[in-house]
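Questions regarding the structure given below will be posed in turn.
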Amino acid sequence: MSGTKTTTSGGESKGRERPRLGIYGLTGCAGDQLLLIHTEDHLLDIFEAFDVRSFVMASSNPVEEELDVAIVEGSVSTEEQREHLLEIRKRAKILVAAGNCATAGGVQAMYAKDGSFAERMRRVYGDDVKFVTEPIEGSPLDEFVTVDYYLPGCPISQSQVLALLSRLLHGEQPEPYPHPVCHECKLRENRCLLLDKKFCLGPVTLGGCGAACPSNGVGCTGCWGPNPDGNFEEHFKLLQSFGMSKDEIIRRVRNYGGHKILQYIKDLE
Amino acid sequence: MSKTERIEIEPLARVEGHGGIRVEIKDNKVQNVEVRILEGPRLFETLVLGKTPEEDLSIVPRICAICNLSHKFAALRGLEKALGVTVPEATQLYRELMHHGEMLESHSLHLYFLALPDFLGYDNAIAMAEKYGDVVTKALALKKFANKVMRIMGGRMIHGENPILGGFGRLPDHRTLQQLREEAEGFLPFAMETIDLLASLEVPDYMERETRFLCLKPPHDGYGYYGDILLASDGKEYDVEDYKSVISERVVGHSFAKRGRYQDRPFTVGAIARVLNLGDRLTGKAREARDRLVNERWYRNPLYNNFAQAVEMVFSLEDMVRVIDRLLELDQPEIARPTRETGVGTGGVEAPRGILLHHYEIENGLTVSADIITPTAMFLDDVEAFIRRASESLLSKNELDNFELRLEMVARAFDPCISCSTHLVTVEFE
Ligand code: SF4
Ligand code: SF4
């Protein structure tokens, strides 16, 4: 532990070790980490309540040792990242996947398992490039390691991440949030877009965003990933009755569905 | 100094993700400089194939969180050109307001929290706050204000879906606009104090070399952050639709980001390119700021990019006031509709870090081809060239103290996203 910070800020000891936290980014847009940085006031609280060992996007001189909690953003998209993730898992008691890229694979996983990755790589980079690390088709963390908790969303919501962190801080189990976007949309007393025959994935999408898009009159694109209780079959029928083809609906639900949507649509295609 | 030495600046934690800088030195000569982008491939150009413009607009901002609204704006411009959508004046102004939010957010974060501590000799902004507490507090408030503008116009803090083809899902009411106007005016004195502060700084010259600057020329007489003409510092102008013959792209093995060149040589984009190419169009306080700060060394020294960001913060605050004043006179705009289902268009927007181009081909309402060139891809070759120059001049003068930090400062000046700038150098002796 030599050379590392073990006291709380201000030099006061709280009499109890603060949980050690590491925040990491694999392949993505860094939106989930940026969202944490944008919580300015709470960010200071996080740095006070936790012993933040590694958060390269916000702070220099990371210390890569044992962790109580690791939050990992981004999909696994190179061999080097796969190894990095395994290494983090070994050091961390609790591993949290943050953001759609980490929980489902992200938009880069919308063609998950359809076999088109090599061809699409060729299309963008050409034939004869040899990269310093082997590319992998974007995959969620749980394709390679056990994930303890999931924070879905593209990006995650501030209230959900803060709720999870305070639970973990007090040694409690974070609670699942099994409500669809529709639920939050009703709480905000919006007029349902489906009544106007507008495309919206609210009923089959996990909530947590506060129905951000429908509240602006724009349909949900499903960025929180599938709601396990959603009635996909009925919702697809409804959207079809608006004049949309089933192929298009499935294509759209896959945009943010990554690996996680596959089980819900496998019998519907 | 040992015979062969490798200097690794890694993790360059976020140059659109994961990357680093590697400098190889042999017998006191620089052998090789690589800015390595090790972020995995995401293949965005293939993700939008077969998709509607509505889906494209949702997907492409996910390229980068910091510039998410620049991507949205560039995609909107490209797609609207392709589909013959002409937006009313008010919609255009709301987009400018949205874009000022992103410019202010990105510039304030970079200038105050990542670059200024370097110039003033502190490890980070928190250490800097002991002597410059007032600056740090006001800078935080400015960044928060910018975030609010992004949230109101974008619909969420990051990746909001509020900007749509032809308009917006929902627009702020007049009271909100008035409040934003007041706040923007309130930050102007602070932005001008920042100009004073920068004017008093000494800027090192160890990396200086000539380069060229590219930016977009606004479609009016003023300064601005979008346009359909590429303007180079050699005076040449090109239609943005011809971008492929102006900026050549190549793929290198040490980077999942492609590299751009102008006339087969590296070039610079970003705030410094805009202020140098378009500075004569500035008026008001922004003009004062530019006249105060710009000198001929700007053409050789990327560290002045931070100064250019300060000039643009003044411009954005002043222009927000102008934009809102005009919006308060206009009626709420209607959503403009496509006039065709097939077409081709290139959208050009100045992201905080420079020219961002989105090119789309739409056939019967679906995307058949897309090409996206980011500012990072454009300036990476120039970052390498400046780092090479810096290494050579420091070696020749035998100035080996803080070698990595000084190379890092050069990379940081280009504003290659947040964490790459927070800190990243390790040296490996072989
Ligand atoms: S989940 Fe979304 S916000 Fe998070 S890294 Fe991926 S693309 Fe970015
Ligand atoms: S409404 Fe849907 S698309 Fe919008 S933020 Fe929420 S989950 Fe994502």
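Excluded from the calculations below are hydrogen atoms, water molecules and symmetry mates; all remaining heavy atoms, backbone and side chain alike, are included. Here is how names work: the chains are called A, B, and so on, in the same order as the sequence lines, proteins then strands, and each is numbered from 1.
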message: Looking at every heavy atom in both A:Ala30 and B:Ala65, which two are closest together, and how far apart are they?
response: C-CB, 4.1 Å
query: What pair of heavy atoms forms the shortest contact from B:His159 to A:Pro155, and how long is it?
result: CD2-CD, 3.7 Å
task: For the pair A:Met110 and B:Ile59, evaluate side chain to side chain contact (heavy atoms under 4.5 Å, CB included) and give the outcome as yes or no after the intermediate values.
output: CA-CA 11 Å; A:Met110 63 173 68; B:Ile59 293 166; 3.7 Å; yes
message: Does B:Thr52 form a side chain to side chain contact (heavy atoms under 4.5 Å, CB included) with A:Arg252? I'd like the steps, not just the answer.
response: CA-CA 10 Å; B:Thr52 57; A:Arg252 284 181 181 241; 3.3 Å; yes
- prompt: Listed by residue number, which members of residues 139-149 of chain B have a heavy atom under 4.5 Å from any heavy atom of chain A?
  reply: B:Leu140, B:Lys143, B:Lys144, B:Asn147
message: So, using side chain to side chain donor-acceptor pair (under 3.5 Å) as the criterion, who are the partners of B:Ser70 when residues are at least two apart?
response: B:Glu102
- line: If one checks every heavy atom of A:Glu119 against chain B at 4.5 Å, the contacting part turns out to be neither
- prompt: Would you say B:Leu43 and A:Glu137 make side-chain contact, with heavy atoms under 4.5 Å?
  reply: no
message: Just by distance, no angles: are the side chains of B:Thr46 and A:Tyr111 close enough, under 3.5 Å, to form a donor-acceptor pair?
response: no
message: For A:Val218, which atoms come within 4.5 Å of any heavy atom of chain B: side chain, backbone, both, or neither?
response: side chain
query: So do B:Arg42 and A:Pro135 actually touch side chain to side chain, heavy atoms under 4.5 Å?
result: no
message: Counting heavy-atom pairs under 4.5 Å with chain A, which one of B:Arg62, B:Arg170, B:Glu54 comes out on top?
response: B:Arg62
- line: For B:Arg156 and A:Cys223 the tightest heavy-atom approach is NH1-SG, 3.9 Å
Nearest atoms (heavy-atom pairs only) where B:Ile63 meets A:Cys29: O-CB, 3.6 Å
message: So, taking the atom named CD in B:Glu161 and the one named OG1 in A:Thr221, what distance separates them when rounded to the nearest 0.5 Å?
response: 4.5 Å
field: Contact origin within B:Leu171 toward chain A - heavy atom pairs under 4.5 Å
entry: neither
- request: Take atom CD of A:Glu87 as the centre, draw a 6.0 Å sphere, and report whether it contains more than 12 heavy atoms from other residues, nucleotides or ligands.
  value: yes
- request: Select all residues of residues 208-216 of chain A having any heavy atom within less than 4.5 Å of some heavy atom of chain B, and report them by number, or 'none'.
  value: A:Ala212, A:Cys213, A:Ser215, A:Asn216
- prompt: B:Phe113 versus chain A, heavy atoms under 4.5 Å apart: side chain, backbone, both or neither?
  reply: neither
- request: Output the distance between atom OG (A:Ser157) and atom CD1 (B:Ile158), rounded to the nearest 0.5 Å.
  value: 11.5 Å
- prompt: Should A:Arg120 and B:Glu45 be marked as a salt bridge (charged side-chain N to carboxylate O under 4.0 Å, His left out) after you check the CA-CA gap, both sets of side-chain angles, and the distance that decides it?
  reply: CA-CA 9 Å; A:Arg120 289 186 296 115; B:Glu45 285 101 332; over 6 Å; no
What donor-acceptor contacts under 3.5 angstrom involve side-chain atoms of residues 361-370 of chain B, with partners at least two apart or in another chain?
unit_1	atom_1	unit_2	atom_2	d
B:Thr367	OG1	B:Lys51	O	2.7
B:Thr367	OG1	B:Asp56	OD1	3.3
B:Thr367	OG1	B:Asp56	OD2	2.6

